[in-house]
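The structure appears below as structure tokens.
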Amino acid sequence: MAAPAADVAPGGRRQPGPPPVAVRPRRVRSVDAAVVAGYLGLAVLLTSRQWGRPDRLFHQDNDQMLFEWMLARAARAVSAGENPLHSAALNAPDGVNLMANTSVLGLGVPLAPVTLLFGTQAAFLVAVVVSLAGTATAWYVLLARRLVGSRVAAAVGGLVCGFAPGMVAQAGAHLHMAAQFLVPPILALVFRPGTDRVRRHGVALGLLVAYQVFVGEELLVFLALAAGVFAVAYALADRAAARRLAPALLGRLGVGALVAGALLAYPLWFQFLGPQHYRGMPFHARGFQLDAASFTASARQTVLGDGYVPGLLSPNPTEENSFFGPGLLVLAVVVVVWLWRRPLVRALAAVGLLAALFSLGDTVRVDGASTGLPGPYRLLAGVPLLDLVVPARFALICVPVLGVLVALSLDRALALAPVGGGTESAGASVRLLWGGAVAAALLPLAPTPIRTVPTWPVPAFVADGGWRAYVPAGRTLVPVPPVTGAGVSPATFWSARTGLAFTAPGGYFIGPGAAADPTAHWGAPDRPTAALLRRAAETGEVAVVTDADRRQAVADLRHWRAAVLVQGGLHRGEAVRRTVDALVGPGREVDGAWVWDVRPLVG
């Protein structure tokens, strides 16, 4: 978070800081470039297990398939001038409301040239690199310009903010949560220490907020909550500064709200009231909470991590947001005590503590066992928007809090003047000691390359366009099985890797449960034939098919406007293939896929 004013102690005494140092612009530019290059190099290293490997996906493969598809859809909207808020490529014949899903248009549109030239896998990896390195860089810039005088302190703080275990865990699956590069500039505008140019900065704030909506709305909710808590806590710590800055801050917020509201009016209407909108969530968000013991544990994507303990303390590998290890937490407590007189530090401590408590969910668990103690998250029950967010992700707010605290402490230590009369050795010893403590706390958190898993390749029949001879205009290609969940149905993955070349039913997205029921549902509502094929795929048992099932299959195929059914690689593919044979007649193998031409059946 950015300090809203010059950081002073109660009573108006300015806290000691680093003495002004004259630095040549050329030197500053070279240091900054080196820091950013380091962030980029680390981000590329973390994605290294997938570059040039189309047969591999990051461990949460369903989510990567979804975001690859979203990047392909954004590129299609740019190149073909299509509506970026809705797509008919999946969930035929109804389509998908992209504003109501994590469409990451704020990443997909700028990356459209990469997607069109090199494919969705390359675009996804570039997006991961940009998200991690961009977030670290944005915090580095804010720290260096606003909060610390040392480039070393700013670089270390940016490193924590961009590459903490929670950020790496999210990056392998959830682009909308990992792409936090707009957070620092938004905070810099909200908490600007000056009181001039209110309208200009308000307009800039509104533009950034509107852009953030197209990157990730959930992150914006967390940002608004954290900024509100920070503002209240800082005002309580320094009331004089709060009274002086409040009018300008409120003015910027007002102008920003007007600008963002005007830009977002139609997209938000489309999200909440447009075609295929839904209400609520298709899963119980409140069940995704963190174990209190996770805060001192090692995440699996770190040098000391393993795959067992984190699985007991977090909902899944993508939500290891709180695994800071004991060293960093002890360090943070020492920093807060050491720099307690600074209002900035007290406000940061309040934000971090509250976020950590909210991440524990409704009932606090320790080492996998429920304590029966109610969690503070219960206070958010019924609060619009906040009651829909995943509790475990509140811990992501702690990441920049810890990064800023580390930067402030390093800056203070590096600025220590000679003590006791005069020798530099005592100050140098303190700097060395504190630098060692920071290194000891951060080294165990060093991230390792994101794990990958194998994936079934897109069949040549689909990838090379052989399907085109079977699918006339207005008809669909039906991947088998056509069910919810990218782990079973290949619709989303095939569509992404072929640049949305065909229209398909089903897919991996969130939509309404039925035409007359807006309750949120994963994917398209399961039709009987889709449910039958899903059971075969999950159990490996060939379904007993009746004449009623065959008649229903024809009705479902007509609903989907199907022309051809295509089955690629599946773990229990034989059972699925035999079930389809029983439903629509024998298929044949074409270019690495089983194909059923159903045009004679559906007319």
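The analysis underlying the following values was restricted to heavy atoms, covering all of them including side chains, and did not include hydrogens, waters or symmetry mates.
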The single option from Leu354, Val351, Leu223 passing side chain to side chain contact (heavy atoms under 4.5 Å, CB included) against Ile397: Val351
Close side-chain approach of Val406 and Val335, heavy atoms under 4.5 Å: no
Donor on one side chain, acceptor on other, Ser294 and Ser322, under 3.5 Å: yes
Main-chain N/O of Arg197 paired to His201 side chain as donor or acceptor, under 3.5 Å: yes
No-hydrogen, no-angle side-chain donor-acceptor test under 3.5 Å, Tyr234 and Arg346: no
Side chains of Glu68 and Leu71 in contact at under 4.5 Å (non-hydrogen atoms): no
Arg300 (side chain) donor-acceptor with Gly305 (main chain) under 3.5 angstrom: no
Of Leu344, Val401, Leu225, Leu187, the residue whose pairing with Phe230 passes side chain to side chain contact (heavy atoms under 4.5 Å, CB included): Leu344
Heavy-atom donor-acceptor pair, Arg252 side chain to Val190 backbone, under 3.5 Å: yes
Check: Leu45 main-chain N/O paired with Ser48 side-chain donor or acceptor under 3.5 Å: yes
Contact check, side chains of Arg146 and Pro193, non-hydrogen atoms, under 4.5 Å: yes
Interatomic distance, Thr102 atom OG1 to Ile510 atom CD1 [nearest 0.5 angstrom]: 7.0 Å
Backbone N/O of Met177 and side chain of Gln180: donor-acceptor pair under 3.5 Å: yes
Whether Phe324 and Phe295 hold their rings parallel, tilted or perpendicular, with breakpoints at 30° and 60°: tilted
Heavy-atom side-chain proximity of Leu132 to Leu42 below 4.5 angstrom: no
Polar contact flag, side-chain donor to acceptor under 3.5 angstrom, Ser409-Trp434: yes
Under 3.5 Å: donor-acceptor pair, side chain of Gln212, backbone of Gly216: yes
Gap separating the CG atom of Leu290 from the CG atom of Leu357, nearest 0.5 angstrom: 12.0 Å
From CD (Glu320) to OG (Ser298), nearest 0.5 Å: 10.5 Å
Between Gln60 and Asn316, a side-chain donor and acceptor under 3.5 Å: no
Heavy-atom donor-acceptor pair, Tyr39 side chain to Ala155 backbone, under 3.5 Å: yes
Main-chain N/O of Ser103 paired to Asn101 side chain as donor or acceptor, under 3.5 Å: no
Spacing of Leu142 atom CG and Thr137 atom OG1 [to the nearest 0.5 Å]: 12.5 Å
Geometric class of the Tyr377/Phe358 ring pair [parallel <30°, tilted 30-60°, perpendicular >60°]: perpendicular
Heavy-atom pair with the smallest gap, counting every atom of Ala72 and Ala496: CB-O, 4.0 Å
Nearest heavy atoms of Ala171 and Leu175, plus distance in Å: O-CD2, 4.4 Å
Test item: Gln301 and Phe323 side chains (from C-beta on) under 4.5 Å apart, heavy atoms: no
Heavy-atom closest pair, residues Trp139 and Cys161: CD1-CB, 3.4 Å
Under 3.5 Å: donor-acceptor pair, side chain of Asn321, backbone of Ala392: yes
Nearest non-hydrogen partners of Gly325 and Leu445, listed with the distance: N-CD2, 4.2 Å
Within residues 117-128 or reaching into it, pairs that qualify as salt bridge (charged side-chain N to carboxylate O under 4.0 Å, His left out) - sequence neighbours excluded: none
Contacts of type ring pair (Phe, Tyr, Trp, His ring centres under 6.0 Å), residue Phe67, not counting sequence neighbours: His176
Phe124 and Phe58 aromatic ring geometry - parallel, tilted or perpendicular at 30°/60° bounds: tilted
Asp411 side chain vs Leu414 backbone, donor-acceptor pair below 3.5 Å: no
Any side-chain donor near an acceptor of the partner, Glu319 and Gln170, under 3.5 Å: yes
Side-chain heavy-atom pair Phe163, Thr135 within 4.5 angstrom cut-off: no
Heavy-atom pair with the smallest gap, counting every atom of Leu219 and Ala179: CD2-O, 3.6 Å
Straight-line distance of Gln121 CD to Thr115 OG1, nearest 0.5 Å: 12.0 Å
Carboxylate-amine/guanidinium contact Arg151 Asp32, below 4.0 Å: yes
Stepwise side-chain contact (heavy atoms from CB on, under 4.5 Å) test for Val156 and Leu442: CA-CA 10 Å; Val156 174; Leu442 297 184; 3.7 Å; yes
Any pair counted as salt bridge (charged side-chain N to carboxylate O under 4.0 Å, His left out), so long as it reaches residues 99-114, sequence neighbours left out: none
Under 3.5 Å side-chain donor-acceptor pair for Gln50 and Gln64: yes
Spatial distance of atom CG (Leu258) from atom CG (Leu253) [nearest 0.5 Å]: 11.0 Å
Leu410 side chain reached by Val148 side chain, heavy atoms, under 4.5 Å: no
Side-chain heavy atoms of Val389 within contact of Glu218, under 4.5 Å: yes
